[in-house]
Amino acid sequence: MADIEKAREQFERFDADQDGLVTPDEFKRAMAEMGDPFVTGPIAESVIRSKDSDGDGRMSFDEFWAALQG
């Protein structure tokens with residue numbers, strides 16, 4: 001997904017409170033809404049942690065974009 005605008009749209013689906021950061025809870029909720037009810041809290045935490053380069057426990061758009069590029 002090289003199109004940054006499409007990536008931003010996708011990111012916004014996860015960022016429920018529109019604060020520019022995706023928490024594990026937001027990630028879990030979005031995945032359930034998209035049809036994947038099997039993403040548990042620990043799985044969501046693991047996914048966010050794997051993309052969280054600054055260690056704040058949340059995924060920013062820049063971290064999301066970097067993960068898509070890598």
Side-chain angles (χ1 to χ4, degrees):
M1 181 184 303
D3 183 342
I4 197 166
E5 292 306 317
K6 286 183 183 180
R8 189 164 300 281
E9 288 174 20
Q10 185 68 24
F11 181 82
E12 289 173 0
R13 292 179 71 186
F14 289 97
D15 185 14
D17 64 5
Q18 299 298 299
D19 68 350
L21 299 166
V22 176
T23 65
D25 286 340
E26 287 176 318
F27 183 81
K28 178 183 167 191
R29 189 174 315 120
M31 292 302 293
E33 289 172 3
M34 290 188 277
D36 189 349
F38 302 108
V39 174
T40 63
I43 291 172
E45 289 173 13
S46 178
V47 169
I48 296 298
R49 192 176 321 114
S50 73
K51 296 172 184 2
D52 176 21
S53 62
D54 65 6
D56 69 354
R58 300 169 296 177
M59 177 176 55
S60 68
F61 176 75
D62 289 340
E63 291 166 332
F64 179 73
W65 180 247
L68 292 175
Q69 301 307 302

Taking the side chain as every heavy atom from C-beta outward, state whether Ile48 and Val22 have any atom pair closer than 4.5 Å. yes
Are Phe64 and Met59 side-chain neighbours, meaning at least one heavy-atom pair lies under 4.5 Å? yes
So among Arg29, Glu26, Met34, Glu33, which one has a side-chain contact (heavy atoms from CB on, under 4.5 Å) with Phe14?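 Only one option passes, and that is Met34.
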Short question: side chain of [X], backbone of [Y] - any donor-acceptor pair under 3.5 Å?
{"X": "Glu63", "Y": "Asp54", "answer": "yes"}
{"X": "Asp36", "Y": "Met31", "answer": "no"}
{"X": "Glu45", "Y": "Pro24", "answer": "no"}

Please give me the minimum heavy-atom distance between [X] and [Y], naming the atom from each residue.
{"X": "Gly20", "Y": "Asp15", "result": "N-OD2, 2.7 Å"}
{"X": "Asp52", "Y": "Gly55", "result": "OD1-N, 3.1 Å"}
{"X": "Gly35", "Y": "Pro37", "result": "O-CD, 3.2 Å"}
{"X": "Ala7", "Y": "Leu68", "result": "CB-CD1, 3.7 Å"}
{"X": "Lys28", "Y": "Thr40", "result": "CD-C, 4.0 Å"}
{"X": "Phe61", "Y": "Phe11", "result": "N-CZ, 3.5 Å"}

How far does CG of Asp3 sit from CD of Glu9, to the nearest 0.5 angstrom?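 Between Asp3 CG and Glu9 CD, I get 8.0 Å after rounding to 0.5 Å.
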What distance separates Trp65 CH2 from Lys51 NZ, expressed to the nearest 0.5 Å? 14.0 Å
Same hydrophobic cluster for Ile4 and Leu21, using side-chain heavy-atom links shorter than 4.5 Å among ILVMFWY?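 Shared cluster, no.
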